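A short worksheet on the structure shown next.
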2 protein chains.
Amino acid sequence: MDDEALKALRVRIDAIDDAVLKLVSERAGIAQEVGHAKGGERIYRPEREAQIVRRLRENNPGPLSGDTVERLIREIMSACRAVEEATRVAYLGPAGTFSQQAVAKHFGHAVDALAEADIDACFQAVETGRAHFAVVPVENSTEGAVGRTLDLIVASRLKICSEVMLPVHQSLMRKHGGLAGIQRVYGHAQSLAQCQQWLSRHLPNAERISVVSNSEGARRAAAEPDAATLGSAAAAELYGLEVVEARVEDEASNTTRFLVLGQADAAPSGRDKTSLVMGAKNQPGAVVKLLQPLADAGISMTKLESRPARSGNWEYLFFLVCDGHRLDPKLAAALAEIESRAAFLKILGSYPAASA
Amino acid sequence: MDDEALKALRVRIDAIDDAVLKLVSERAGIAQEVGHAKGGERIYRPEREAQIVRRLRENNPGPLSGDTVERLIREIMSACRAVEEATRVAYLGPAGTFSQQAVAKHFGHAVDALAEADIDACFQAVETGRAHFAVVPVENSTEGAVGRTLDLIVASRLKICSEVMLPVHQSLMRKHGGLAGIQRVYGHAQSLAQCQQWLSRHLPNAERISVVSNSEGARRAAAEPDAATLGSAAAAELYGLEVVEARVEDEASNTTRFLVLGQADAAPSGRDKTSLVMGAKNQPGAVVKLLQPLADAGISMTKLESRPARSGNWEYLFFLVCDGHRLDPKLAAALAEIESRAAFLKILGSYPAASA
């Protein structure tokens with residue numbers, strides 16, 4: 001490519017950038033107008049944003065990946081929202097955690113992200129109005145539910161208004177060398193659980209030691225030449241470790257699911273999920289009886305998780321995620337039927353299904 | 001605003017988003033074409049990106065702020081670069097630090113950001129090719145230079161190819177209550193220094209205790225009801241502290257300056273800076289003599305920082321930042337003149353002046 005050709009391409013890029021600036025500025029102006037008209041009502045509409053993301057992913061002509069297109073449009077929406085007032089989002093800190101990544105992935109960077117000390121504080125932040133929304137982890141695709149989030153959500157008046165899916169990869173790291181000579185593997189209990197098949201196959205004789213965090217594992221592995229740790233590859237850089245093997249998680253699609261909690265759930269977006277929790281006595285057939293109305297209506301359940309009840313007259317709580325919005329007539333009828341049968345039913349919220 | 005009007009605005013937003021997607025996709029395609037034509041040469045061109053950011057800031061019709069426009073265009077450039085190969089950027093970890101914020105501010109989020117244990121490792125990462133660029137702190141507007149970066153840059157063959165300015169705010173935080181009863185204030189030495197006037201005025205009798213990091217200060221303050229700590233407000237959330245007073249730094253514009261280091265410096269962008277380091281004997285007038293050619297040519301110096309030399313025959317090193325690009329005829333002539341007078345002169349790089 002000669003200089004003339006390069007120059008022509010740059011002129012075209014400049015024209016594109018000018019056009020994008022003009023369009024995005026107009027978009028921000030419209031968002032402002034909508035915000036004013038609604039008398040300061042929040043501009044974040046989960047169902048609307050989900051529809052926009054979906055449409056652009058479907059219309060994406062390339063060469064940008066669908067994920068990249070989603071990130072860009074979420075940043076644009078984030079910027080347009082912030083023209084009125086920065087959205088305050090509480091998350092499980094400290095900064096640099098997967099939870100913060102989930103905030104950025106969903107809300108973009110034009111937000112005030114508040115690092116909270118624990119999941120309880122995330123709930124409180126929204127309940128007291130200190131934050132508009134909270135982003136809390138609720139399950140890992142290989143490891144199951146985050147208990148504290150489930151416990152809190154039963155008692156809280158907050159609603160689920162979105163979900164965020166974040167892929168998570170585990171690496172095996174040590175100070176120097178390969179697999180040979182590793183006597184101990186450190187890791188957070190959840191990381192160890194996520195990699196147990198891989199560890200059994202490749203390091204059957206190494207002791208597995210659960211530590212408070214993968215950072216603590218990395219700190220120890222840095223000081224012990226015959227030890228290794230699990231964790232994110234970023235920790236290797238930080239603690240001067242070598243990555244022996246990347247992506248050692250048993251499931252290729254190791255995803256952490258987060259919930260966005262707010263004062264209300266989302267309006268229908270066309271592709272939604274509904275979360276609910278039911279109380280049941282420990283009687284044979286009790287659960288089947290409760291789930292029957294969903295089966296009869298042909299509604300898919302994507303999650304079912306039981307948990308001992310911490311209070312009340314029932315013995316178990318069943319957390320359930322099903323396809324559809326609680327305002328869809330079919331689901332609404334099934335939920336009404338369940339309610340007539342259940343000792344306790346609470347709809348935790350309807351929200352757009354995450355695109356990835 | 002009635003539903004019809006709202007619907008019309010949403011239709012317009014959809015049209016805008018479709019147009020933006022089309023334009024950005026075309027932009028990514030052009031970037032790809034340029035990348036291929038150049039045979040895999042790196043697509044990151046600091047001078048070109050600086051020009052784009054400047055032009056869009058100047059053309060910004062609002063209501064988005066100039067900073068927001070800069071962030072969006074940097075994300076778009078980031079995404080276009082990543083179509084070919086993710087740019088790997090080393091920074092002073094851990095994740096969640098100001099350095100990581102500087103990486104994101106300059107390179108956008110479509111990069112592989114590598115958290116390094118110290119500034120030395122950031123240099124090494126680029127010298128060994130493990131990273132394409134490093135982002136290292138070099139000075140704080142109230143606290144002066146980061147010594148290790150200056151020491152390393154003298155010996156390294158890496159060049160400065162960009163600068164990044166990041167505003168930094170300090171808060172005074174404690175477990176409960178206001179200013180009354182605070183006996184001790186913890187903080188990193190740099191934070192204490194940045195807030196000394198404020199502390200002298202408002203807490204003249206409190207002991208000031210320098211700790212290894214503001215996180216450590218927050219940890220202690222959380223356990224000691226008569227202590228407070230300085231730090232970023234994010235730490236308050238994390239350690240369950242209350243912000244007694246926000247923005248207690250003495251200079252309203254408390255900014256940390258970062259350098260981007262790479263294999264080469266930047267081509268002229270039209271508004272550039274040049275960094276150099278000179279060696280001088282400890283003789284009266286030696287420095288004045290060295291600086292005279294710049295003064296004669298009417299070239300502004302924006303920084304001058306002396307530092308004891310760690311090796312070589314000169315006694316002091318002078319780090320200097322002046323306006324202009326080393327290829328500008330006026331500056332080139334002045335530099336040639338300095339070189340003929342100096343015991344040691346090294347041009348550390350010419351690079352676009354940061355927009356904020």
Side-chain angles (χ1 to χ4, degrees), chain A residues 1 5-6 9-10 12-14 16-34 37-38 48 52 55-56 59-64 68-69 71-73 75-76 79-80 82-83 90 93-97 100 104 109-110 114-117 121 234 237-240, chain B residues 1 5-6 9-10 12-14 16-34 37-38 48 52 55-56 59-64 68-69 71-73 75-76 79-80 82-83 90 93-97 100 104 109-110 114-117 121 234 237-240:
Chain A
M1 186 178 301
L6 185 63
L9 291 179
R10 289 191 162 178
R12 178 60 196 143
I13 284 181
D14 285 351
I16 288 173
D17 291 345
D18 289 340
V20 168
L21 173 63
K22 198 156 160 278
L23 289 163
V24 173
S25 298
E26 185 190 341
R27 192 190 201 286
I30 295 175
Q32 210 171 15
E33 201 179 326
V34 174
K38 292 190 153 192
R48 169 76 176 140
I52 289 171
R55 205 191 62 250
L56 292 191
N59 295 350
N60 177 21
L64 296 170
T68 301
V69 167
R71 187 172 56 235
L72 290 177
I73 188 63
E75 285 297 341
I76 290 171
C80 291
V83 169
T97 56
Q100 193 189 24
H109 288 82
L114 314 176
E116 305 293 333
E237 309 282 344
L238 186 53
Y239 289 89
Chain B
M1 185 177 300
L6 184 64
L9 292 179
R10 290 191 161 176
R12 178 61 196 144
I13 285 182
D14 286 350
I16 289 174
D17 291 345
D18 288 341
V20 168
L21 173 63
K22 198 157 160 277
L23 288 163
V24 173
S25 299
E26 183 189 342
R27 192 188 201 287
I30 295 175
Q32 210 171 14
E33 201 179 326
V34 174
K38 293 192 154 191
R48 170 76 177 139
I52 290 171
R55 205 190 63 251
L56 293 191
N59 296 349
N60 177 21
L64 296 171
T68 300
V69 167
R71 186 172 58 236
L72 290 178
I73 187 64
E75 286 296 341
I76 290 171
C80 290
V83 170
T97 58
Q100 193 190 23
H109 288 81
L114 313 176
E116 305 292 332
E237 309 283 343
L238 186 53
Y239 290 90

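Every chain is numbered from 1 and lettered A, B, ... according to where its sequence line falls, protein lines coming before strand lines. It should be emphasised that the depicted structure is a prediction, and the values quoted were computed from it without experimental measurement.
- Between L56(A) and D18(B) there is a side-chain heavy-atom pair separated by less than 4.5 Å.
- Counting heavy-atom pairs under 4.5 Å between each of A5(A), A82(A), A31(A), A79(A) and chain B puts A79(A) at the top.
- Note: R48(B) leads E75(B), E26(B), R71(B), R48(B) in heavy-atom pairs under 4.5 Å with chain A.
- Once rounded to the nearest 0.5 Å, the distance linking CG of L64(B) with CD of Q32(A) reads 9.0 Å.
- Most heavy-atom pairs under 4.5 Å with chain A: of the set D14(B), N60(B), I30(B), I13(B), this distinction falls to D14(B).
- Taking OG from S25(B) and CG from N59(A), the interatomic distance works out to 10.0 Å, rounded to the nearest 0.5 Å.
- Atom CG in L23(A) sits 9.0 Å away from atom CG in D17(B) (nearest 0.5 Å).
- Taking CD1 from I16(A) and NZ from K22(B), the interatomic distance works out to 9.5 Å, rounded to the nearest 0.5 Å.
- Not a single donor-acceptor pair under 3.5 Å links the side chain of R12(B) to the backbone N or O of R27(A).
- Within the model, atoms CG of L21(B) and CD1 of I73(A) stand 8.5 Å from one another, a figure rounded to the nearest 0.5 Å.
- If you measure heavy-atom distances from T68(A) to chain B, the contacts under 4.5 Å come from the side chain alone.
- Of the two parts of I76(B), the backbone and the side chain both hold a non-hydrogen atom closer than 4.5 Å to a non-hydrogen atom of chain A.
- The parts of V20(A) that come within reach of chain B are both its backbone and its side chain, each placing non-hydrogen atoms under 4.5 angstrom from that chain.
- If you measure heavy-atom distances from L9(A) to chain B, the contacts under 4.5 Å come from both the backbone and the side chain.
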